[in-house]
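Written out below as structure tokens is the structure these notes cover.
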Amino acid sequence: MSPVWEFEKRAPSNIAFIKYWGKKNGKQRPINSSLSMTLKNAETKMKLQAFKDQRFAFDFLFEGERKPDFQKRIEIYFEKIASLYPILREFSYRIESSNSFPHSAGIASSASSYAALAKCLSSFLKELKVKELPHESYLARLGSGSACRSCFSPFSIWEEEDFEQAKSFPRGQMPPLGDTIVLIDKKRKKVSSSMGHSFMDSHHYKEARIKRANLHLKKMKESFQRGDFKSLGELMEKEALELHALMMTSEDPFILFSSQTLEIIHWVKKMREKLNFPFYFTLDAGPNIHLISLKRDQKKLQSILLTDFPSLEIILDEQGDEV
Ligand code: DP6
């Protein structure tokens, strides 16, 4: 059977500077606003083929292989979207996906994957003449919260006034930024992001966290406006440590960084004093580190880092192009 429609889309990943951690009543809306940098090189390529069919069925291949756990998540996602657009039930689907970066490298693959899939679905729904379609960021959010930010570049904000979707964030006077990703552990996370989010429901620091995130966001917006990389960096480090502090202080405490993560964090603080250019760290929900510097300093940073840690595996990325 040949497909009646076929779409191929790409979407980048992103790294949050203000972290999304915790959802409202288990819904796909966050308890606080978040702000992220969209990456340039780390992206997912997604091919969606739709077949006219009696069955609403799926065949999902990740880098050429069947992955039952991904397949399950895709099915749940399509169920959600089909409850909004029942016409999708008149087809079966073959989905092929691949990443430009290693899996579990501390690069949010769910963000780039759902953003790419949302782009495919959005194009498909347009072809099916569905009227009043929301922005693809809305469809991406229903798959993964952070994915809604991957639909804008180079910076994106998912803000309280409209938690249905993200929007583009103006970079003000901020010079171009680089992201040197330090791979510390490529194993699958012990606690998934969805589980981590759910721990925020009854977290005793929940209200304090919301206030802190709002304050950090307000200050970070000013940093962008002024082009003040130092204050941006200090805020992103606070956010990263606060994210992990929330994990460690939840009712079921858990720790996602490793001793090497801490070693690099101490190194960053020490080297910042010594060197004459600034760079800061941020962490996702895992042990890997994103070192954010000015783009023009990234090569210097890479060489100093590899001199002190010759066996480190790193990936060089940077802020995405304006779209
Ligand atoms: C720590 O977007 O992966 O990376 O909405 O359940 O898919 P779901 O969660 P996800 O959470 C991302 C958490 C984070 C912070 C961030 O990207 O803002």
Side-chain angles (χ1 to χ4, degrees), residues 7 9-40 42-46 48 70 73-74 76-85 97 99 107-126 130 132-171 192-194 196-198 200 210 213-214 216-217 220-221 224 239 243 282 284-285 319-323:
F7 305 90
K9 302 279 176 190
R10 289 164 189 269
S13 185
N14 69 77
I15 175 70
F17 291 170
I18 300 285
K19 307 293 179 183
Y20 147 50
W21 199 240
K23 303 185 192 192
K24 278 189 175 159
N25 318 318
K27 290 202 183 117
Q28 207 47 6
R29 293 191 192 83
I31 57 171
N32 62 268
S33 306
S34 57
L35 193 160
S36 57
M37 177 168 93
T38 305
L39 300 180
K40 186 171 185 165
E43 62 169 19
T44 295
K45 189 168 84 181
M46 188 76 70
L48 174 74
F70 289 6
R73 290 184 65 185
I74 294 281
I76 294 170
Y77 179 60
F78 267 79
E79 269 302 334
K80 261 191 213 171
I81 308 290
S83 67
L84 302 174
Y85 305 105
S97 149
N99 292 341
I107 298 175
S109 57
S110 66
S112 51
S113 302
Y114 282 107
L117 189 51
K119 283 183 181 178
C120 291
L121 278 171
S122 182
S123 302
F124 186 33
L125 289 165
K126 261 181 220 141
V130 172
E132 290 172 31
L133 268 180
H135 191 276
E136 47 206 33
S137 172
Y138 178 102
L139 298 178
R141 171 182 63 87
L142 297 175
S144 177
S146 52
C148 74
R149 297 187 311 239
S150 273
C151 299
F152 304 93
S153 180
F155 297 99
S156 176
I157 188 163
W158 187 17
E159 209 171 8
E160 179 112 49
E161 65 198 37
D162 185 9
F163 276 154
E164 301 294 301
Q165 62 181 68
K167 62 181 186 209
S168 175
F169 178 75
R171 71 188 142 92
S192 68
S193 295
S194 341
H197 285 296
S198 72
M200 285 306 290
I210 296 172
N214 286 340
H216 290 162
L217 180 64
M220 202 176 271
K221 284 180 172 176
F224 271 96
E239 275 289 303
L243 169 72
T282 184
D284 237 336
Q319 72 183 47
D321 294 329
E322 204 105 17
V323 284

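Just so you know, these numbers come straight off a predicted model, no measurement behind them. In this chain, residues are counted from 1 in sequence order.
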Report task. Kindly indicate whether the side chain of Lys23, heavy atoms from C-beta on, has any atom under 4.5 Å from the side chain of Met200. Result -> no
Requested in this report: Working to the nearest 0.5 Å, report the span between CG of Leu142 and CG of Leu117.
Outcome: 11.5 Å
Requested in this report: Return each pair, listed once, that meets salt bridge (Lys or Arg N to Asp or Glu O under 4.0 Å) where at least one residue sits in residues 141-158; pairs must be two or more places apart or across chains.
Outcome: Arg141-Glu164
Query - Working for side-chain contact (heavy atoms from CB on, under 4.5 Å), residues Cys151 and Gln165 - result: CA-CA 10 Å; Cys151 299; Gln165 62 181 68; over 6 Å; no
Query raised in the report: With no hydrogens and no angle check, is any side-chain donor or acceptor of Ser97 less than 3.5 Å from a backbone partner on Met46?
Result: no
Query raised in the report: Does Ile157 reach the side chain of Leu217, with side-chain heavy atoms less than 4.5 Å apart?
Result: yes
**Report entry** Approximate separation, where rounding is to 0.5 Å, of Ser36 OG and Ile15 CD1
**Finding:** 8.5 Å
Requested in this report: Measure the shortest side-chain to side-chain distance between Lys221 and Phe169 over non-hydrogen atoms and say whether it is less than 4.5 angstrom.
Outcome: yes
**Report entry** Residue pair Leu139, Tyr77: steps toward the side-chain contact (heavy atoms from CB on, under 4.5 Å) verdict
**Finding:** CA-CA 10 Å; Leu139 298 178; Tyr77 179 60; 3.9 Å; yes
Query raised in the report: Tell me, do Lys126 and Leu133 make a side-chain contact under 4.5 Å, heavy atoms counted?
Result: yes
Report task. Starting at CD of Gln319, measure out to CZ of Arg171 and round the result to the nearest 0.5 Å. Result -> 6.0 Å
Report summary line: Of all heavy-atom pairs linking Ala213 and Asn32, the shortest is CB-ND2, 3.5 Å
Query raised in the report: Hey, are the side chains of Phe152 and Asn14 touching, using non-hydrogen atoms and a 4.5 Å cut-off?
Result: no
Report summary line: Smallest heavy-atom separation, Ser13 atom then Ala111 atom, equals OG-CB, 4.5 Å
Report summary line: Of all heavy-atom pairs linking Ile18 and Ser33, the shortest is CG2-O, 3.4 Å
Query raised in the report: Is there side-chain contact between Glu322 and Pro154, with at least one heavy-atom pair below 4.5 Å?
Result: yes
**Report entry** Check: Ser153 side chain, Thr38 main-chain N or O, donor-acceptor pair, under 3.5 Å
**Finding:** no
Query raised in the report: Between Lys119 and Glu136, is there a donor-acceptor pair closer than 3.5 Å when you use the side chain of the first and the backbone of the second?
Result: no
Query raised in the report: Can you tell me how far SG of Cys120 sits from CZ of Phe7, rounded to the nearest 0.5 angstrom?
Result: 8.0 Å
Query raised in the report: Is there a side-chain contact between Lys9 and Ser122, using heavy atoms and a 4.5 Å cut-off?
Result: no
Query raised in the report: Taking all atoms of both residues into account, what is the closest heavy-atom pair of Ala140 and Ala115, and its distance?
Result: CB-CA, 4.0 Å
Report task. Determine yes or no for a side-chain-to-main-chain donor-acceptor pair under 3.5 angstrom, with Asn99 supplying the side chain and Ser113 the backbone. Result -> no
Query raised in the report: What orientation do Trp158 and Phe163 show, parallel under 30°, tilted 30 to 60°, or perpendicular over 60°?
Result: perpendicular
Report task. Starting from the C-alpha separation in whole Å, work towards a yes-or-no answer on side-chain contact (heavy atoms from CB on, under 4.5 Å) for Tyr85 and Leu121. Result -> CA-CA 11 Å; Tyr85 305 105; Leu121 278 171; over 6 Å; no
Report summary line: dist Trp21:CH2 -> Ser34:OG (nearest 0.5 Å) comes out at 12.5 Å
Query raised in the report: Atom SG of Cys148 and atom OH of Tyr20: how far apart are they, to the nearest 0.5 Å?
Result: 8.0 Å
Query - Taking every non-hydrogen atom, the tightest pair across Ser112 and Ser150 - result: N-OG, 4.3 Å
Requested in this report: Answer with yes or no after comparing the ring centroid distance for His216 and Phe17 against a 6.0 Å cut-off, counting only values under it.
Outcome: no
**Report entry** Non-hydrogen side-chain atoms of Lys167 and His135 separated by less than 4.5 Å
**Finding:** no
